[in-house]
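Note that ligands are numbered from 1 as they come in the structure, with each ligand's atoms numbered from 1 the same way. Values reported hereafter were calculated over all heavy atoms of this structure, with side chains retained and with hydrogens, waters and symmetry mates removed.
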Amino acid sequence: MKILVVGSGGREHALVWKLRQSPRVSEVFCAPGNAGIAQLAACVPLAATDVAGLAAFAKAQGIGLTFVGPEAPLTEGIVDRFEQEGLRVFGPRQGAAQLEGSKVFMKALLKKYNIPSAQYEVFDHRDQAVAYLERLAMPVVVKADGLAAGKGVIVAQTKAEAVAAVDLIMADRAFGKAGDRVVIEEFLAGEEASFLAFSDGTTVLPLPSSQDHKAIFDDDRGPNTGGMGAYSPAPVVTPELHEQVMAEVMLPTVRALAAEGHPYKGVLYAGLMIKDGHAKVLEFNCRFGDPEAQPLLMRLASDLVEVVEAVIDGRLDTVQLAIDPRPTVCVVMAAGGYPGNYEKGKVISGIEAAEKVEGVRVFHAGTAMKDGKVVTAGGRVLGVTAIAGTLTAAIAQAYEAVGRISWEGCQYRKDIGRKALRRQ
Ligand code: AMP
Ligand code: GLY
């Protein structure tokens with residue numbers, strides 16, 4: 001079977017790497033891909049959001065299965081379109097993808113079905129939002145309703161910061177239509193974890209726990225990014241908490257979506273805040289996380305194609321996931337200046353040497369080929385991922401590999417995995 005993966009990040013490199021291992025797969029295409037993906041798949045110069053172009057390509061090539069990586073095409077209805085054209089595709093339809101596409105939709109669903117999350121109010125006028133802020137104790141969290149490439153959430157420590165966040169979203173329209181409405185939300189303290197599961201609309205099959213590192217600098221300082229590193233498992237998700245999250249978050253959410261006429265098929269990702277052994281939902285994503293996909297897919301021993309087909313056909317109850325018990329750690333290497341302005345086109349050296357470190361794979365994110373060399377082409381550039389018998393060894397191997405890679409201005413966090421070590 002021919003497979004098409006939609007997207008171009010580290011997540012998609014890991015997906016292509018994993019899907020290619022399936023004996024069911026004859027050929028992998030990726031649109032648009034990156035320099036690392038090009039070593040494993042035929043890259044197609046179509047944007048991930050070019051839904052019509054992708055559907056036409058899938059038809060012309062006889063693609064047997066399309067796996068959609070990022071949220072933008074999912075919230076734009078790529079799955080609905082492919083299904084209308086009789087194409088097999090993995091991911092939630094547009095209605096279900098609203099869970100990520102609209103924070104107002106997500107918060108209202110959770111409130112209606114009593115799923116634990118922060119208190120909140122929604123505003124569609126700047127002045128009303130600001131008047132409400134006057135009555136609140138700080139900190140608060142201000143969120144643009146729609147997709148904002150991970151930048152639409154501002155944790156405000158002071159009233160002035162909160163008002164500035166509302167103005168950025170609603171007056172300056174920094175995120176365009178995504179800022180038609182804002183959610184103003186109670187600040188939740190605690191430790192974050194990512195809880196991902198496959199869902200076929202009824203059955204929820206959890207992946208191992210993982211933890212992202214959103215802030216750019218060590219010790220969670222500095223502005224938020226798309227994610228600077230991840231590891232799996234996350235010891236903050238104890239077996240008891242796992243049961244609680246399944247019973248109070250994952251299953252009720254999938255049932256709620258079905259009851260609302262939006263059965264959820266795909267990967268469901270809950271971003272959780274954990275305090276005193278209890279989890280509340282910060283966000284839902286309608287896809288694999290990036291970078292979480294890298295450490296998770298390195299631990300997944302099952303044939304991903306088998307799981308994906310069971311989701312599409314609604315028989316996930318017949319599947320059990322085989323998981324490598326060894327921990328994995330992914331360190332993201334980013335361009336200097338990211339998540340602000342950064343330069344592209346820097347020549348990257350040392351990737352081959354890095355991959356010689358035991359248990360290491362280097363997944364590409366923002367990379368391209370120029371004059372026969374791999375160069376930087378985005379903010380997050382590489383996800384250096386290691387698997388080892390212990391977390392300590394996985395961290396050491398990942399950083400040994402990172403140390404072999406360099407380009408002008410490259411930056412990365414030095415503390416990926418440290419939180420997990422403290423809990424051992
Ligand atoms: P979101 O895209 O909604 O997950 O928000 C991005 C990041 O903002 C989260 O990963 C948290 O670090 C932070 N965040 C979001 N909502 C809250 C909240 N209610 N309390 C504290 N931090 C939050
Ligand atoms: N790593 C966070 C995300 O994928 O949204």
Side-chain angles (χ1 to χ4, degrees), residues 7 9-12 14-15 68-72 74-75 97 99-107 110 116-121 136-157 161-162 165 169 175 178 182-196 207 209-216 219-232 234 267-275 279-297 330-332 334 339 363 365 379-380 383 385 413 416 419:
R11 164 183 53 212
E12 286 76 23
L15 284 166
V68 185
E71 62 276 18
L74 291 166
T75 58
L99 203 58
E100 177 167 5
S102 167
K103 295 196 190 291
V104 173
F105 173 90
M106 184 272 277
K107 295 295 291 185
L110 267 53
S117 187
Q119 303 287 332
Y120 77 105
E121 294 287 338
L136 288 185
M138 297 295 124
V140 292
V141 187
V142 180
K143 302 184 172 186
D145 174 36
L147 291 184
K151 295 187 184 137
V153 174
I154 296 139
V155 178
Q157 301 296 338
E161 278 176 34
I169 294 168
F175 313 110
V182 288
V183 173
I184 297 182
E185 192 172 285
E186 166 198 12
F187 174 83
L188 298 176
E191 185 169 341
E192 286 183 56
S194 306
F195 197 106
L196 285 81
L207 280 149
S209 59
S210 57
Q211 191 173 63
D212 190 9
H213 296 67
K214 289 228 162 73
I216 183 74
D219 301 318
D220 298 329
R221 286 176 300 108
N224 271 353
T225 69
M228 292 300 292
Y231 58 82
S232 173
V267 171
L268 180 61
Y269 166 151
L272 303 173
M273 187 65 90
I274 297 156
K275 191 165 179 235
K280 288 186 178 177
V281 176
L282 292 178
E283 65 169 334
F284 273 112
N285 294 321
C286 61
R287 50 169 174 85
F288 262 109
D290 191 349
E292 292 94 325
Q294 291 90 310
L296 287 176
L297 290 169
C330 170
V331 179
V332 170
F363 294 112
R380 291 190 292 168
T385 312
R413 279 180 61 157
I416 304 301
K419 269 194 208 128

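Which of Glu283, Lys214, Glu192 comes nearest to atom 12 (O) of ligand 1 through a heavy atom is settled by distance: it is Glu192.
Proximity to Lys103 (heavy-atom distance under 4.0 Å) selects the following atoms of ligand 1: 2 (O), 3 (O). Close contacts between ligand 2 and Asp212 involve ligand atoms 1 (N), 2 (C) [criterion: under 4.0 Å to a heavy atom]. Below 4.0 Å from some heavy atom of Gly289 lie the following atoms of ligand 2, by number and element: 4 (O). Residue-ligand proximity, Pro291 to ligand 2, at heavy-atom distances under 4.0 Å covers atoms 1 (N). Near Arg287, meaning under 4.0 Å from one of its heavy atoms, ligand 2 places the atoms 3 (C), 4 (O), 5 (O). For ligand 2 and Gly226, the ligand atoms under 4.0 Å from any heavy atom of the residue are 1 (N), 2 (C). Every atom of ligand 2 is numbered from 1 in the order shown, and the set under 4.0 Å from a heavy atom of Tyr269 is 1 (N), 2 (C), 3 (C).
Looking at Val155 next to ligand 1, no N or O pair under 3.5 Å apart turns up. Annotation: Glu292 places an N or O atom under 3.5 Å from an N or O atom of ligand 2; distance criterion only. Considering backbone and side-chain atoms alike, Asp290 places an N or O below 3.5 Å from some N or O of ligand 2.
Residue contacts with ligand 1, taken as heavy atom pairs separated by less than 4.0 Å, involve Val153 solely via side-chain atoms from C-beta onward. At a heavy-atom cutoff of 4.0 Å, ligand 1 is contacted by both the backbone and the side chain of Leu188. Residue Phe288 does not touch ligand 2, judged by heavy-atom distances below 4.0 Å.
In the model, Ser117 has a side-chain atom that pairs as donor or acceptor with a side-chain atom of Lys107 under 3.5 Å. Checked by atom type, the side-chain pair Ser194/Asp212 shows no donor-acceptor distance below 3.5 Å.
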